[in-house]
Amino acid sequence: MKEKGHVISALVIGFISLIGFSFIAVLIGVGKVAEFDQALISFIRGFETPALTSIMKLFTFIGSFPVVLVIFLIVSFIFYRVLKSRTEIFLVAAVIVGTQVINLLLKLLFHRARPDIHLLIDVGGYSFPSGHAMSAFAVYGILTFVFWRHIPKSIGRISLIIGSSMFILFIGMSRIYLGVHYPSDIIGGYFASAAWLTVAIWFFQSYKERQWEKGS
């Protein structure tokens, strides 16, 4: 019953995330987010300083694919050599690759141009949904999931959640601060990634349950 409850919860979260993404996409399509985007951009830009710009560039670098690849290699080593639990490696790999593919397809579908005022870094491609936001949510979300059961104490689990949440938040915020994304790009990216993450975890849990049933 407990596992069934977890599956239902995951499906509900995935459905809500999909609805959230669709809602943001519709609002962008009909031009109803400009005021919200501009208000939040102005608020975040109000804190601009050289030191904060350097910090935000660091966070945007942390959210880049090369860093994600390094994180994957480290996690793979930990699970393969230390924890002796290898199926999680395939889950993390699938989530990372799937996120990149889904983001590319969504960007080609929506064709939203990036902001073109006060850019602090140069980037190309389309704007919606944010690839950095999707990647951050997917990577740190899946890391929280796979490491959760290996951390026995509550303080460790709480620290894991807080740390992951901070990276997700600040990587997304860095893209707004640096002028390369609208806030709605970031929110849409979070929703899209949450939907994909719940699907990936559901498949993984289903696979683990089948393996357990075969072994029992």
Side-chain angles (χ1 to χ4, degrees), residues 17-18 20-72 95-143 162-197:
S17 300
L18 184 60
F21 175 80
S22 301
F23 181 69
I24 294 293
V26 169
L27 290 180
I28 292 173
V30 298
K32 295 295 184 180
V33 293
E35 188 174 337
F36 166 78
D37 279 339
Q38 191 53 53
L40 196 49
I41 288 172
S42 298
F43 175 76
I44 293 174
R45 291 272 180 81
F47 296 96
E48 184 178 334
T49 64
L52 186 56
T53 298
S54 297
I55 293 172
M56 289 301 177
K57 285 183 177 179
L58 174 62
F59 273 108
T60 218
F61 173 71
I62 291 173
S64 65
F65 186 75
V67 175
V68 170
L69 182 58
V70 171
I71 291 173
F72 170 69
V95 167
I96 291 174
V97 173
T99 300
Q100 300 296 319
V101 172
I102 292 170
N103 180 254
L104 176 61
L105 294 175
L106 290 174
K107 285 192 174 189
L108 292 175
L109 175 64
F110 290 101
H111 279 77
R112 190 186 195 189
R114 291 184 184 272
D116 58 1
I117 300 175
H118 196 58
L119 302 178
L120 298 181
I121 58 173
D122 294 324
V123 294
Y126 295 114
S127 191
F128 179 80
S130 165
H132 272 67
M134 283 192 66
S135 182
F137 196 101
V139 170
Y140 293 103
I142 201 61
L143 291 184
I162 292 175
S164 296
S165 299
M166 287 184 62
F167 275 108
I168 291 170
L169 176 63
F170 281 104
I171 289 173
M173 190 182 300
S174 73
R175 306 301 282 173
I176 302 171
Y177 179 93
L178 296 172
V180 295
H181 276 296
Y182 298 102
S184 52
D185 296 332
I186 305 302
I187 297 171
Y190 288 158
F191 274 129
S193 201
W196 158 234
L197 199 57

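When the side-chain hydrogen bond (donor to acceptor under 3.5 Å, both in side chains) test is applied to Gln38, the partners found at least two apart in sequence or on another chain are Ser42. Qualifying ring-ring contact (aromatic ring centres under 6.0 Å, His included) partners for Tyr182, counting only residues two or more places apart in sequence or in other chains: none. Here Tyr190 pairs with nothing under the side-chain hydrogen bond (donor to acceptor under 3.5 Å, both in side chains) rule; sequence neighbours left out. With sequence neighbours left out, Phe72 forms a ring-ring contact (aromatic ring centres under 6.0 Å, His included) with no residue at all. Under the rule for a side-chain hydrogen bond (donor to acceptor under 3.5 Å, both in side chains), the partners of Thr53 that lie at least two apart in sequence or sit in another chain are Tyr177. With sequence neighbours excluded, the residues that form a ring-ring contact (aromatic ring centres under 6.0 Å, His included) with His111 are Tyr126. With sequence neighbours excluded, no residue forms a ring-ring contact (aromatic ring centres under 6.0 Å, His included) with Phe65. Looking at residues two or more places apart in sequence or on another chain, you find a salt bridge (charged side-chain N to carboxylate O under 4.0 Å, His left out) between Arg112 and Asp37, Asp185. With sequence neighbours excluded, no residue forms a side-chain hydrogen bond (donor to acceptor under 3.5 Å, both in side chains) with Tyr140.
The salt bridge (charged side-chain N to carboxylate O under 4.0 Å, His left out) analysis of residues 169-184, with sequence neighbours excluded, yields no pairs. Sequence neighbours left out, not one pair with a member in residues 118-130 passes salt bridge (charged side-chain N to carboxylate O under 4.0 Å, His left out).
Separation of atoms CG (Leu40) and CZ (Arg45) is listed at 11.0 Å; rounding is to 0.5 Å.
Using a 4.5 Å heavy-atom threshold, the side chains of Ile41 and Pro183 count as touching. At least one side-chain heavy atom of Met56 sits under 4.5 Å from a side-chain heavy atom of Leu52. The closest side-chain heavy-atom distance from Leu27 to Phe36 is not below 4.5 Å.
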Throw together a table of side-chain donor-acceptor distances under 3.5 angstrom for residues 98-106, partners on residues two or more places apart or in other chains.
unit_1 : atom_1 : unit_2 : atom_2 : d
Thr99  : OG1    : Val95  : O      : 2.6
Thr99  : OG1    : Trp196 : NE1    : 3.3
Asn103 : ND2    : Pro129 : O      : 2.9

